[in-house]
There are 2 protein chains.
Amino acid sequence: MTRDAILEAAAQIFRQKGYHAASMQDIADAVKLQKASLYHHVNSKQEILLALLDRALDLLIERMEEVLALDLPPEEKLRRAILVYLQTMLEQRDLSAVLLLEYRSLDPKCRQQHIQRRDQYEALWRKLLSEGAEQGIFAVSDIPLICRFLLGVMNWTVTWYREDGPLTPAQLAHQCANLFLLGLKKRLGEDDRGDRDN
Amino acid sequence: MTRDAILEAAAQIFRQKGYHAASMQDIADAVKLQKASLYHHVNSKQEILLALLDRALDLLIERMEEVLALDLPPEEKLRRAILVYLQTMLEQRDLSAVLLLEYRSLDPKCRQQHIQRRDQYEALWRKLLSEGAEQGIFAVSDIPLICRFLLGVMNWTVTWYREDGPLTPAQLAHQCANLFLLGLKKRLGEDDRGDRDN
DNA sequence: CCTAATCTACCGAACGGTCGGTAGATTAAG
DNA sequence: CTTAATCTACCGACCGTTCGGTAGATTAGG
């Protein structure tokens, strides 16, 4: 029995039940150990959560930096980033769901560190968008907002996507990219400040 | 002390900690009662969660039906629906967060009922979109997908929106509507099946 | 080669603490 | 006096974690 196997099982159970509803007993059962034995490989339940969150962010950051390093026009780079993000999230559903939903269960000290790292990751997306804006390809005044919209769409797919559904992750990514690129690509006469109503 | 006050306090605590991490003791402290006294107003912790989820859905369904009943062109109706949804979610953050994140903690029997009702609500959005499609205003082949994208963007705002931030809910709604209407409004020569790459 | 020492992986039992929930006495309101 | 609301006191179950100990593989010394 390896530490990795325990983490993997924990991710699955955390995703199904949530961190607090999942017990060490559940995890032990999943890997066919006594729960005391888990503590030979792992120091605490919190440590498991922390390891999963780190692992998830590591994966996303690594792949995002690969995409950023590509020599592509902004539009294609954005398409690629969306594809890679969705593929990663949907192929690692357990890890993704923990990343998106369970970081709240970190105790405050670790949570702060984690949020900081997550913000660094989001900064990579903002960087990608501002590259496109600087080159005059994207017409977007509020990059942080568009960035949150985009990540919102993609993150939410984790909650509803079914592998046995009609769409592959690649098709999903294509649709998602279409939607945003239509809204992003420069066209004339857009006002994008919404301070008229209310 | 009223049942409503207990539910309200519970919503706040469920939002902060999540259902399982929140204890009846926490709720009792928040309303300055002994834990046992809660059970005079409420039968169980599960019942509190169920009541909150019902209340949230009731509110959303009611307001969405009001919007659907308006006599407006599809584009304006969609803008209105987005505005009302975001305002409701952001003005009832506690309730919204519980709706979006904690329904997983319902025991299976109630969860199934709840999901069914939530699907009915989503059907209202699909109806709004297909009205626009039938009238030839919206160019959208996969309505359920666009619907999930849209709800995804809006739902995710609940996780990051700050009242002390730069945007009012109305401005947020305007930006969101702009993004989707750019992608939705009919234009020529779009292929929207993404089965090319991978 | 033998054996003693060390290490890895695991176990059963138990700990202090908290959980959701209950019973029954006590108080407040009409 | 009645009844609704709140209290104190308690329950069994389960929580994450620790402890002492064991089987078996690995290493070290002669």
Side-chain angles (χ1 to χ4, degrees), chain A residues 1-55 94 98 101-111 113-114, chain B residues 1-55 94 98 101-111 113-114:
Chain A
M1 182 56 45
T2 69
R3 183 182 153 103
D4 265 17
I6 291 172
L7 291 182
E8 199 174 320
Q12 192 178 117
I13 294 168
F14 286 176
R15 175 184 161 207
Q16 282 169 1
K17 303 197 181 191
Y19 176 77
H20 284 287
S23 70
M24 292 299 273
Q25 188 65 64
D26 292 331
I27 300 171
D29 291 348
V31 296
K32 298 198 166 82
L33 286 183
Q34 292 301 312
K35 74 175 163 166
S37 309
L38 294 179
Y39 288 86
H40 184 70
H41 305 273
V42 149
N43 287 316
S44 69
K45 194 184 173 188
Q46 271 282 316
E47 191 194 83
I48 296 178
L49 178 58
L50 192 60
L52 291 174
L53 292 172
D54 279 342
R55 182 176 291 206
D94 296 331
V98 172
L101 302 173
E102 306 301 336
Y103 78 90
R104 301 179 299 148
S105 300
L106 280 176
D107 44 34
K109 194 171 139 190
C110 297
R111 183 164 61 231
Q113 283 181 252
H114 172 75
Chain B
M1 182 55 48
T2 68
R3 182 182 155 105
D4 265 17
I6 292 172
L7 292 183
E8 200 174 319
Q12 193 177 116
I13 295 169
F14 286 177
R15 176 186 160 204
Q16 282 169 1
K17 304 197 180 190
Y19 175 78
H20 283 288
S23 69
M24 292 299 275
Q25 188 65 62
D26 292 332
I27 300 171
D29 291 347
V31 295
K32 296 197 168 82
L33 283 184
Q34 291 302 312
K35 178 174 65 143
S37 307
L38 295 178
Y39 288 87
H40 185 70
H41 305 275
V42 150
N43 288 315
S44 71
K45 195 184 174 189
Q46 271 282 316
E47 190 194 85
I48 296 178
L49 178 59
L50 193 59
L52 291 174
L53 292 172
D54 278 342
R55 182 176 291 206
D94 296 331
V98 172
L101 301 173
E102 306 300 337
Y103 79 89
R104 301 177 300 149
S105 300
L106 280 176
D107 44 33
K109 195 171 137 189
C110 297
R111 182 163 63 231
Q113 282 180 252
H114 172 75

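First the proteins, then the strands, lettered A, B, ... as listed; each starts at 1.
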Is there a donor-acceptor pair closer than 3.5 Å between any side-chain N or O of A:E8 and the backbone N or O of A:D94?
no
For A:K45 and D:dT17, what is the distance between atoms NZ and P respectively, to the nearest whole Å?
8 Å
Starting at atom CD of A:E47, determine the distance to atom P of D:dT18, rounded to an integer number of angstrom.
12 Å
Anything under 3.5 Å between a donor and an acceptor, one on a side chain of residues 30-43 of chain A, the other on a protein residue two or more places apart or in another chain? List them.
unit_1, atom_1, unit_2, atom_2, d
A:S37, OG, A:Q34, O, 3.4
A:N43, ND2, A:E47, OE2, 2.8

Rounded to the Å, how far apart are B:Y39 OH and C:dG24 C1'?
17 Å
Please check if the side chain of B:Y19 supplies one atom and the backbone of B:V98 the other of a donor-acceptor pair under 3.5 Å.
no
Between A:E102 and A:R111, is the salt bridge (charged side-chain N to carboxylate O under 4.0 Å, His left out) condition met? List the steps.
CA-CA 10 Å; A:E102 306 301 336; A:R111 183 164 61 231; over 6 Å; no
Closer than 3.5 angstrom, by distance alone: can the side chain of B:D29 be matched with the main-chain N or O of B:D26 as a donor-acceptor pair?
no
For the NZ atom of B:K45 and the NE2 atom of B:H20, what is their distance to the nearest 0.5 Å?
7.0 Å
Walk me through whether A:F14 and A:L101 qualify under side-chain contact (heavy atoms from CB on, under 4.5 Å).
CA-CA 10 Å; A:F14 286 176; A:L101 302 173; over 6 Å; no
Check each residue of residues 14-31 of chain A for a non-hydrogen atom within less than 4.0 Å of any atom in DNA chain C, then write out the ones that pass by number, or none.
none
Please determine whether a side-chain nitrogen or oxygen atom of A:H40 lies at a distance below 4.0 Å from atom OP1 or OP2 of C:dC11.
no
Under the side-chain contact (heavy atoms from CB on, under 4.5 Å) rule, what do B:D4 and B:R55 come out as? Steps first, then yes or no, please.
CA-CA 11 Å; B:D4 265 17; B:R55 182 176 291 206; 2.8 Å; yes
Close N/O contacts between protein and nucleotides 7-13 of chain D (under 3.5 Å):
unit_1, atom_1, unit_2, atom_2, d
D:dC7, OP2, B:Q34, N, 2.8
D:dC7, OP2, B:S37, OG, 2.8

For atom CG of B:L49 and atom C1' of C:dG20, their distance in whole Å
14 Å
